[in-house]
Amino acid sequence: MIDLAKEFRKIFNHANHKIQTFFAPGRINLIGEHTDYNGGHVFPAAISFGTYAVGKKRNDSKLRFYSMNFPEIGIIECDLNDLAFSEKHNWANYPKGMIKYVLDAGYSIRNGADILFYGDIPNGAGLSSSASIEMVTGVLLENLFQLKIDRIDMVRIGQKVENHYLGVNSGIMDQFAIGMGKKDNAILLDCQSLAYDYAPIKLDHHAIMIINTNKQRTLAGSKYNERRQECEKALADLQTELPIKSLGELTADTFHQYEQLIENPIHRKRAKHAITENERTLNALHALRNGNLEEFGALMNASHRSLRDDYEVTGPELDTIAEAAWRQEGVIGARMTGAGFGGCAIAIVENDKKDAFQQYVNQTYQAKFGYEPTFYTAAISDGAKTAKEQ
Ligand code: GLA
């Protein structure tokens, strides 16, 4: 592990005093995709990849940010009194946005700070590097300025940064998983009420593999917002006869009775995904609690098919990986994870079949796209926290 305190002292020219390191993970989602902003359930878990931060309060109001992932950009500087989004501040808009909304929420930050970040989440992989930097900024601010921010408020502040500062209309899943994660547990979250429950992930002789398509997620933001709007339109049509606030309130059976209210067939398909996915998520938790891993895997596969055919967010890269995984012995289930449009898939694979799995998926993918995917074994870890003192 890189000595962040040492790097921090070097970059910002600080003396040798004790400094704390903070950490916020990335996340995978086991099932429950594109359900969060539809008032449904999600089932994510924090992973061991994440973002580290170290910082020190300043005597003036300057904010100076440095990322070891973008050394060519150097130190990005702004002021506590001007926290408006600025194109030229590049990646530093994430911590800037957090500081702005923590202040707006009424917490007191009277001094500037020097902050250094380092992240080991693969870039653009859809494992929530953005929510990770938001949450690590949150826990660092708590410590530097002696704030006590209720964790769920911090999660909401992170989502606000995405929605209002960066213009991505995302739901609450990523910040929640990262803020509230627990080692060896996934979180069942009702995104309407924010009621949640931890579920131990005991997979016996299996591992969760993450497979990165290594495809750039260029259109992800705009397509994501488009899906969200399509769901809103479907909901509005259903509301002409049904007294519901979100798609998550409907069972698949009720949906089938009323689906013709949705005029546009594309919007109808989007709603069908959101509603059936919500049911799959609840059924998956049930299967897991009953130790029925086969059923859990079958629901993961059905989730991918629904995201491919009804929600249309998978694309050839993720489909190739999931479909190759389904053909492979020792695979319990496989699906895309996160927003889609590239990014990562996950698969539950028998431990002693991992090598064969990797080899087959790799070969199939490379033959089709001419480059390799990357494989990781996921370790389910704690949410944002103090990492250590150096
Ligand atoms: C992204 C968003 C989440 C969620 C997923 C899809 O990760 O940030 O809020 O909508 O996509 O499930």
Side-chain angles (χ1 to χ4, degrees), residues 24-47 49-50 94 97 121-135 152 155-181 186-192 194 196 210 212-213 217-232 246-248 270-271 273-281 284 299-300 303-304 306-308 310-315 318 335-346:
R27 65 97 190 90
I28 50 172
N29 187 20
L30 295 175
I31 191 163
E33 216 66 84
H34 289 278
T35 45
D36 61 352
Y37 53 83
N38 283 311
H41 293 78
V42 292
F43 196 43
I47 54 175
F49 295 122
Y94 289 95
I121 302 179
N123 236 344
L127 300 174
S128 283
S129 55
S130 58
S132 177
I133 190 172
E134 286 153 16
M135 291 299 105
I152 304 224
V155 163
R156 288 186 201 271
I157 291 172
Q159 188 195 7
K160 216 165 137 192
V161 173
E162 294 285 340
N163 296 171
H164 303 306
Y165 200 77
L166 304 158
V168 183
N169 231 343
S170 51
I172 199 147
M173 170 171 77
D174 301 347
Q175 287 80 7
F176 201 98
I178 290 169
M180 300 292 289
I187 314 174
L188 183 86
L189 172 67
D190 174 341
C191 300
Q192 187 82 328
L194 293 196
Y196 64 96
I210 301 174
N212 186 355
T213 60
R217 298 171 62 237
T218 37
L219 275 173
S222 57
K223 286 280 176 199
Y224 183 95
N225 288 349
E226 182 185 293
R227 289 295 175 280
R228 188 165 178 160
Q229 276 167 12
E230 290 165 344
C231 287
E232 278 161 11
S246 73
L247 295 178
R270 307 299 190 237
H273 166 76
I275 291 160
T276 56
E277 180 76 353
N278 189 38
E279 279 199 355
R280 277 187 291 273
T281 308
L299 289 161
M300 286 174 74
S303 162
H304 186 92
S306 175
L307 288 155
R308 181 190 64 192
D310 287 335
Y311 220 62
E312 297 178 278
V313 292
T314 54
L318 285 165
R335 58 180 293 274
M336 57 157 270
T337 192
F341 314 103
C344 287
I346 53 169

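Numbering of ligands and ligand atoms starts at 1, following listing order. None of the values given here were measured: they were computed from a predicted structure.
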Please step through side-chain contact (heavy atoms from CB on, under 4.5 Å) for the pair I346 and M300, ending with a clear verdict. CA-CA 9 Å; I346 53 169; M300 286 174 74; 3.9 Å; yes
Side-chain ion pair, R227 and E312, N-O less than 4.0 Å: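 Salt bridge: no.
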H41 and its side chain to side chain contact (heavy atoms under 4.5 Å, CB included) partner, picked from D36, I31, D190: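 With H41 as partner, D36, I31, D190 yield a single side chain to side chain contact (heavy atoms under 4.5 Å, CB included), made by D190.
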For the side chain of E33 and the backbone of G338, is there at least one donor-acceptor N/O pair under 3.5 Å apart?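 Looks like yes, one N/O pair under 3.5 Å.
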Could you tell me if R280 and S303 have a donor-acceptor pair between their side chains, going purely by distance under 3.5 Å?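 Short answer, no.
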Neighbouring residues of ligand 1, heavy-atom cut-off under 4.0 Å: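 The 4.0 Å shell around ligand 1 contains R27, E33, H34, D36, Y37, S170, G171, M173, D174, Y224, G338, A339.
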Show your working on side-chain contact (heavy atoms from CB on, under 4.5 Å) between I187 and F176 and close with a plain yes or no. CA-CA 9 Å; I187 314 174; F176 201 98; 4.2 Å; yes
